[in-house]
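By convention in this document, chain letters (A, B, ...) are assigned in the order of the sequence lines, proteins followed by strands, and residues within each chain are numbered from 1.
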Protein chains: 2
Amino acid sequence: MSTKKREKKEEISCPVEYAVTLLSGKWKLRILHALIKESPKRFKVLEREITGITPTMLTSQLRELEEDGLVSREIFPTVPPTVEYSLTEFGQTTIPMMQEIKVWGLRHKERNQVSENT
Amino acid sequence: MSTKKREKKEEISCPVEYAVTLLSGKWKLRILHALIKESPKRFKVLEREITGITPTMLTSQLRELEEDGLVSREIFPTVPPTVEYSLTEFGQTTIPMMQEIKVWGLRHKERNQVSENT
DNA sequence: CGGAATCCCTGAAGATACTG
DNA sequence: CAGTATCTTCAGGGATTCCG
């Protein structure tokens, strides 16, 4: 059953809380990032790219991103099954946000390293 | 003990993963958001503003934000103890990112509501 | 007021096995 | 290949209590 605690999205007022609700977790942003870099991508490609994720988690996170309209899923009835994931048009609206997150991540990383190395 | 799983930050290469590691969780972004809106703020003020958070969580999240250099803590030895939290200079580098997150949250919220309410 | 410490429970997520 | 289903574990986080 995919009935989780995600159905009370309507009651949220704060936009930040809203975004957090949709994007929190270790993997959502990583998946979006991978799809922003290149899309569509196959399941296995995502799995290899997102280091540390398990297939189970990848599936569940992709499903949630799909539910939220950020990612679309296309199945090709080939003999070895092929499934491709793409950013939807709405998913692409996350690009500026993801860009800022990436920039900030870089900054913090550098900051951390100068204070820890040498 | 504050020994959590957060000490392997140095091994992370992906900037997005980096940011996620530092900001994941329901509360970090909410706290930053609250402090961006106004800073410094007292513990109780934060607790009231961030609906749903428990004092325990607020404390622990503030400690982690402090460790990561995003937030600073100042104690005033008044009779009823006063503790104020502020964004550090580095914490203020999150402002553009937070702004994008907020903007995106607003977008998604509106999008959701038109498809759910008449 | 602003915490720290403790107890406890739930649910997130890993491992494994099986299917189309 | 791309999943689904099940079982189990473990730690995040709530409630409560106590302290400076």
Looking only at side-chain atoms of Arg63(A), point me to the closest of dC1(D), dT4(D), dC1(C). dT4(D)
Can you pull out every salt bridge (charged side-chain N to carboxylate O under 4.0 Å, His left out) where at least one residue sits in residues 42-55 of chain B? Sequence neighbours excluded, please. Lys37(B)-Glu49(B), Lys41(B)-Glu49(B), Lys44(B)-Glu47(B)
To the nearest Å, give me how far apart CG (Leu58(A)) and C1' (dA12(C)) are. 16 Å
Going by ring-ring contact (aromatic ring centres under 6.0 Å, His included), name the pairs with one or both residues in residues 69-102 of chain B, residues two or more places apart or in two chains. Trp104(A)-Phe90(B), His108(A)-Phe90(B)
Side-chain heavy atoms of Thr93(B) within contact of Arg107(A), under 4.5 Å: yes
Given dA2(D), is OP1 or OP2 found less than 4.0 Å from the side-chain N or O atoms of Arg73(A)? no
Using OP1 and OP2 only, check whether a side-chain N or O of Tyr85(A) sits under 4.0 Å from dG3(D). yes
Sequence-distant partners of Thr59(A), side-chain hydrogen bond (donor to acceptor under 3.5 Å, both in side chains), two or more places apart: none
Is Met97(A) close to Val103(B) at the side-chain level, that is, under 4.5 Å between some pair of heavy atoms? no
So how far is it from Leu22(A) CG to Glu17(A) CD, rounded to the nearest 0.5 Å? 10.5 Å
How about Leu70(A) and Leu35(A): do any of their side-chain heavy atoms sit closer than 4.5 Å? no
Checking Lys26(B) now: which residues fulfil side chain to side chain contact (heavy atoms under 4.5 Å, CB included) with it, not counting sequence neighbours? none
Taking side chain to side chain contact (heavy atoms under 4.5 Å, CB included) as the test, write out the residues that go with Leu106(B), two or more places apart. Pro15(A)
Could you list all N or O pairs between the protein and nucleotides 8-11 of chain C that sit under 3.5 Å apart?
none

Residue pair Cys14(A) / His33(B), side-chain heavy-atom distance below 4.5 Å: yes
For Gly91(B), does its backbone N or O pair with a side-chain atom of Thr94(B) as donor and acceptor, under 3.5 Å? yes
Roughly how far apart are Ile31(B) CD1 and Leu23(B) CG, rounded to 0.5 Å? 11.0 Å
To the nearest 10 degrees, what angle separates the axes at the start and end of the helix from dC1(C)-dG20(D) to dG20(C)-dC1(D), five pairs each? 50°
Using heavy atoms to find the nearest nucleotide of DNA chain D for Glu84(A) and Pro55(B) separately, return the residue whose nucleotide is more 5′. Glu84(A)
Residues two or more places apart in sequence or in another chain: which of them pass side-chain hydrogen bond (donor to acceptor under 3.5 Å, both in side chains) with Ser86(A)? none
Measure the spacing between OG of Ser72(B) and CG of Leu65(B) and express it to the nearest 0.5 Å. 11.0 Å
Can you pull the salt bridge (charged side-chain N to carboxylate O under 4.0 Å, His left out) pairs that have at least one residue in residues 69-88 of chain A, sequence neighbours excluded? none
Is any side-chain heavy atom of Val16(A) closer than 4.5 Å to one of Met98(B)? yes
Produce the list of close N/O pairs, under 3.5 Å, pairing protein atoms with atoms of nucleotides 18-20 of chain D; give distances to one decimal.
none

Is there any protein nitrogen or oxygen under 3.5 Å from a nitrogen or oxygen in nucleotides 14-19 of chain C, and what are the pairs?
residue	atom	partner	partner atom	Å
dG14(C)	OP2	Thr54(A)	OG1	2.9

Using heavy atoms and a sub-4.0 Å distance, could you list which residues of residues 29-42 of chain A are near DNA chain C? By number, please. none
In whole Å, what is the span from the CD atom of Glu64(A) to the P atom of dA12(C)? 9 Å
Separation of dC1(C) atom C1' from Leu46(B) atom CG, nearest Å, is 14 Å
